[in-house]
Amino acid sequence: MATSAFQIEGATTADGRGPSIWDTFATQPGAVAGGDTGEPAADHYHRWHADLDLLAELGVDSYRFSVSWPRIQPSGRGGVEYRGLGFYRRLVEGLRERGIEPFLTLYHWDLPQALEDAGGWRSRDTAFRFAEYAALVHEELGDVVDHWTTLNEPYPCAVAGYGEGRHAPGAREGHGALAAAHHLLLGHGLAVRAMCERAALPHQFGIVLNQSPVVPVSPSPADAAAAARQDTLLRRQFTDPLFGGRYAPGLAAMFDGVSDFSFRHDDDLEIIGAPLDYLGVNYYYRLHVAEAPYREPDPALRTAADIGVDTSRLPDVPRTGMGWPVEPEGLTEALVGLHNRYPSLPPVYVTENGCVYPDRSDFADHERIDFLNEHIEAARTAAAAGVDLRGYFCWSLLDNFEWAHGYKPRFGLVHVDYETQQRTPRASYRWYRDFIAAQHTS
Ligand code: FCB
């Protein structure tokens, strides 16, 4: 089961927490649907105890959560804010008491605003600040956490955040988005290095990437080329440096005139590509791609979001409440594709997979049950095909703040009434509990 700090915690000013880019972004008119903000979320900061009981009743053996950087370093640098840290220590100890293995993610999109003010992920310095923060958290929680994930999904951080302006900090820049992607990867590598240097302990280090397989809508060379560009931007920009020892071929040519890639320094590839213990794959949907004209004629104005592709031509299959096509075979394809592309790929976890459907009054979410069942089966198919698959985390335990969509989409196996903060397990919660129990007896 997986969650993230900003999406569930609320309590955005408690115990010395500083503002993050998502606090700032959410206050900009029109940035988040319904004008929703990080308050109240699921008030998990105060209700974590009951939420851990929900996890324990579910019977999961692992739980993926993230640490809020601005709770630990309110201005992104300097010493530890021990009140914030204390929350995560209690959380982790609470998990261990319940026999649940913590999978800690250091960065799930909530950059301290002070670092954004200094350039954010456009700036190389942010990578070093991230490594410093990682080392601090590792120093403090290394005795109780074995699984350390650096980043969640650097692609949307860079492209939706600095290219498309759909996510915090809401920028629309070409060079800035590409620099952000590189600095996120560099920060990952520096963080792993800093934590490894400290660890005489048998810790595992990994990164989480969103992996939508990209399918051309037709066999035409133009659509195939558009699909290759999308794949380069979305996946290979990250996986080639991490697991292939090189920058994605074609990336620099795609953005000729947008960026000079001067943010790439000697030795960065070596730092980024240091061996990992696991890769986390988040899968929600496949992307179906056709060629499209570039939206802006002047290449200097192009952003990293504009690569001449049209992703609006969806296949004729059922869709979730997010409008995402339901294609479980895409999960098999994502996992097998990575396995085939990178001989040195580390073991893999599915670190997020889930869906949204309109609620019924009795919370009988049969569509979600079918969705999860089919996707778990698709993951098993990949394992049978040779992928070293170590586990599956469902997104998500609780309804939560779904970024620019606000609170309307409900991804939880447990319904949250945001007025009363009452938790009501949906039918999928009971199904998942029984499913897990059946794995232990079979
Ligand atoms: C992923 C994010 C996660 C959640 C799901 C629906 O891209 O990592 O926080 O919003 O999408």
Side-chain angles (χ1 to χ4, degrees), residues 1-10 20-23 25-26 31-34 36-38 41-42 44 63-69 103-111 149-164 166-168 181 184 188 206-214 233-235 238 279-287 305 311 319-327 330-331 334 349-357 365 367-368 371-372 375 392-414 416 428:
M1 190 54 76
T3 63
S4 92
F6 190 79
Q7 294 180 276
I8 60 169
E9 286 177 1
S20 76
I21 53 173
W22 272 95
D23 296 282
F25 184 66
V32 175
D36 293 345
T37 70
H44 173 73
Y63 172 57
R64 175 173 176 247
F65 66 98
S66 79
V67 171
S68 159
W69 187 350
F103 276 62
L104 184 153
T105 300
L106 285 159
Y107 186 72
H108 201 126
W109 305 359
D110 44 1
L111 185 72
T149 301
T150 53
L151 307 175
N152 177 72
E153 298 192 359
Y155 170 77
C157 298
V159 175
Y162 290 88
E164 299 170 332
R166 287 189 298 115
H167 280 190
L184 280 153
H188 152 82
I207 188 169
V208 164
L209 304 174
N210 51 317
Q211 292 290 296
S212 287
V214 183
L233 181 68
L234 172 70
R235 302 204 294 167
F238 302 93
L279 165 66
V281 169
N282 293 354
Y283 175 75
Y284 291 92
Y285 52 82
R286 294 201 300 188
L287 273 176
T311 54
R319 302 204 215 148
T320 69
M322 297 296 283
W324 298 342
V326 180
E327 296 186 289
L331 176 54
Y349 291 89
V350 175
T351 36
E352 282 182 33
N353 174 237
C355 57
V356 166
Y357 285 101
D365 52 344
E367 299 94 336
R368 181 178 278 111
F371 182 100
L372 296 177
H375 283 77
Y392 171 94
F393 294 79
C394 168
W395 182 270
S396 186
L397 178 66
L398 305 167
D399 289 340
N400 60 68
F401 177 84
E402 177 48 29
W403 307 114
H405 299 279
Y407 290 106
K408 203 160 172 221
R410 291 175 172 273
F411 274 94
L413 269 54
V414 175
V416 175
S428 55

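The chain is numbered in sequence order, starting from 1. Whatever order the structure lists ligands and atoms in, that order sets their numbers, starting from 1. Computed from heavy atoms alone, side chains included, the values below leave out hydrogens, waters and symmetry copies.
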Exercise for review: Show your working on ring pair (Phe, Tyr, Trp, His ring centres under 6.0 Å) between Phe393 and Tyr63 and close with a plain yes or no.
Suggested key: CA-CA 8 Å; Phe393 294 79; Tyr63 172 57; 8.7 Å; no

Practice item. Go through the steps to decide whether Phe401 and Phe6 satisfy the test ring pair (Phe, Tyr, Trp, His ring centres under 6.0 Å), and finish with yes or no. Key: CA-CA 8 Å; Phe401 177 84; Phe6 190 79; 5.4 Å; yes

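A side chain to side chain donor-acceptor pair (under 3.5 Å) with Asn353 is found for one member of Trp395, Tyr392, Tyr283 and no other, namely Tyr392.
Residue contact check: Trp395 has heavy atoms under 4.0 Å from atoms 3 (C), 4 (C), 5 (C), 6 (C), 9 (O) of ligand 1. Listed by number with element, the atoms of ligand 1 under 4.0 angstrom from any heavy atom of Phe411 are 6 (C).
Protein heavy atom nearest atom 2 (C) of ligand 1, with residue, atom name and distance: Glu352 OE1, 3.3 Å. The protein non-hydrogen atom at the shortest distance from atom 5 (C) of ligand 1 is Tyr284 OH, 3.2 Å. If you check which protein heavy atom lies closest to atom 10 (O) of ligand 1, you get Glu402 OE1, 2.6 Å. The protein heavy-atom contact nearest to atom 7 (O) of ligand 1 is Glu153 OE1, 2.7 Å.
Judged by distance alone, the side chains of Tyr284 and Thr320 never bring a donor and an acceptor atom under 3.5 Å apart.
Of all the heavy atoms in Pro409 and Gly406, the pair that sits closest is CD-O, 3.6 Å.
Looking only at distances, no side-chain donor or acceptor of Trp324 sits under 3.5 Å from a matching main-chain atom of Arg319. A donor-acceptor distance shorter than 3.5 angstrom exists from the side chain of Asn282 to the backbone of Glu352, with no hydrogens or angles considered.
At a 3.5 angstrom cut-off on N or O pairs, Trp403 counts as close to ligand 1. Between Gln7 and ligand 1, a contact under 3.5 Å exists for at least one N or O pair. For the pair Trp109 and ligand 1, the shortest N or O to N or O distance does not fall below 3.5 Å.
Taking the charged nitrogens against the carboxylate oxygens, Arg410 and Glu402 have no contact shorter than 4.0 Å, which rules out a salt bridge.
In this structure, Met322 has no heavy atom closer than 4.0 Å to ligand 1. Close to ligand 1: Asn152, with a non-hydrogen atom less than 4.0 angstrom away.
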